[in-house]
Asks: 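Below are the structure tokens for one structure; questions will follow.
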Amino acid sequence: MNPSKLALLGGTPVRTQPFTAWPIFGKPEEKRLLRALHSGKWGKLNGPEVAEFERRFAVMHGCQHGIGVVNGTVSLRIALLAAGIRAEDEVIVPTYTFFSTASAVIEANAVPVFVDIDLDTFNLDPKAVAAAITPRTRAIIPVHFAGQPADMRAIMALARKHKLVVIEDAAHAHGASYRNQPAGSLGHMASFSFQSSKNLTSGEGGILTMNDDALAAACRSIHNCGRIPTGIWYEHHVISGNYRLGEFQGAVLNAQLDRLETQTKTRDRNGQYLASRLAPLPGLHPQKRDADCTRHSYHLFMLRLDSEKFGAPRAAVIKALQAEGIPCSGGYGLSLHHQPLFRNKAFGPYLPQASAKLNYLKTDCPNSDLICREQCLWLEQGFFLGTRADMDDIARAFEKVYANRDGLKQWFKKKAAK
Ligand SMILES: Cc1ncc(COP(=O)(O)O)c(C=O)c1O
């Protein structure tokens, strides 16, 4: 038993207990699910669960309208269609995000224009956004990455100046706030995801939120086969589909929503505490908290590891932390514009004209490339539902890895030479 020796090299791990498991559920989910089951009303159009959830979620996120949909990818596409995006219009997106933020743009037959992020906050850099605006730009999709709202003051100012639509990708930002205003109400429309890993989940699902009545009417119609409130059942007004959330998901989400406020406070408290513990270590840069961020939802706890200053490469640090009982990863391996989909312009039937002119190899986003290639570390949201002692374990593991950095570096070199 040697607690100071790295577990990777045969020492005792800092932690053997698992962190808080996700999802958290219990009797309230069971009760609502069974009630929905026995009611026989399984679809959104005739049951009460999704309608209740839409109302409550919208209010919690500062909005008059909430429209439950099948996931947080189609929600982005619906928002783009509702905004009147036309073929080959340009939509600015960060290159450091999940694929959907940009794939939804392609599926709206529009052109994603990739922009770099700020190296401290990991959110869209407004200066880079300003530089990317052209006469064809119609919309911006800022992502509230990891759960910290993007620089919405700057982004909305650009949107006003250039008459652009802003769609928040709030897939990570349930319960987050910016200058005390909820994420989801900061742009013209917002999109949330309820996929399994998310801070509020029903396995799959999504919601659109907004305050504008006309945009809400457009989204409602698009998510429901182009129907309109005054129309008859088989009357379809716009190109669209059936993107409605189901009642079983609504039942689970209503029960999950009762837990969201407390869980978000816990994540934010733990996340801030862990950041304060890790920041003093050489070469570690936890995501900088923007002064305007009044609540971070910590869908991810992210940090940058400067290997030179820390004294060991990221891949070795991840292995060492995992062996200490701290599951973590490097997150995205590639900026989105380097993904084969964009490099090869594998857009299927979309963008037939624009494709020939597009060249994503010319996109230059060094900050995103740097963190993908060698610096980023991710810890997942479930851990942050635990106790301060859990955070202390994570911090202790980092401290131990740092204290053993020379041995770790040698181990990694030997391993790489084999
Ligand atoms: C930033 C971001 N946007 C959009 C999505 C898409 O959500 P969904 O998986 O519900 O389609 C995700 C999901 O991982 C995401 O992380």
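Both backbone and side-chain heavy atoms feed into the values below; hydrogens, waters and symmetry mates do not. Just follow the structure's listing: the first ligand is 1, and inside any ligand the first atom is 1.
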Asks: Considering only heavy atoms from C-beta outward, does the side chain of F383 approach that of D390 to under 4.5 Å?
Replies: no
Asks: Filter on side-chain hydrogen bond (donor to acceptor under 3.5 Å, both in side chains), then keep only pairs touching residues 330-342, sequence neighbours left out; what's left?
Replies: T95-H337, S335-S368, S335-D369, H338-D369
Asks: Do Y243 and R77 have side chains that get closer than 4.5 Å, going by heavy atoms?
Replies: yes
Asks: Hey, what polar pairs (N/O, under 3.5 Å) does ligand 1 make with protein?
Replies:
residue: ligand 1; atom: 3 (N); partner: D169; partner atom: OD1; Å: 3.2
residue: ligand 1; atom: 3 (N); partner: D169; partner atom: OD2; Å: 2.7
residue: ligand 1; atom: 7 (O); partner: S193; partner atom: OG; Å: 3.3
residue: ligand 1; atom: 10 (O); partner: G72; partner atom: N; Å: 2.8
residue: ligand 1; atom: 10 (O); partner: S193; partner atom: OG; Å: 2.7
residue: ligand 1; atom: 11 (O); partner: G72; partner atom: N; Å: 3.3
residue: ligand 1; atom: 11 (O); partner: T73; partner atom: N; Å: 3.0
residue: ligand 1; atom: 11 (O); partner: T73; partner atom: OG1; Å: 2.5
residue: ligand 1; atom: 14 (O); partner: K198; partner atom: NZ; Å: 2.6
residue: ligand 1; atom: 16 (O); partner: H172; partner atom: NE2; Å: 2.8

Asks: Please set out all donor-acceptor pairs under 3.5 angstrom arising from side-chain atoms of residues 99-109, sequence neighbours excluded.
Replies:
residue: S100; atom: OG; partner: T73; partner atom: OG1; Å: 2.8
residue: T101; atom: OG1; partner: T97; partner atom: OG1; Å: 2.7
residue: T101; atom: OG1; partner: F98; partner atom: O; Å: 3.3
residue: T101; atom: OG1; partner: D169; partner atom: OD2; Å: 2.9
residue: N109; atom: OD1; partner: L351; partner atom: N; Å: 2.7

Asks: Quick one: sort the H61 and F57 rings into parallel, tilted or perpendicular, breaks at 30° and 60°.
Replies: parallel
Asks: Report the residues that fulfil side chain to side chain donor-acceptor pair (under 3.5 Å) with H172, sequence neighbours left out, ordered by chain and then residue number.
Replies: none
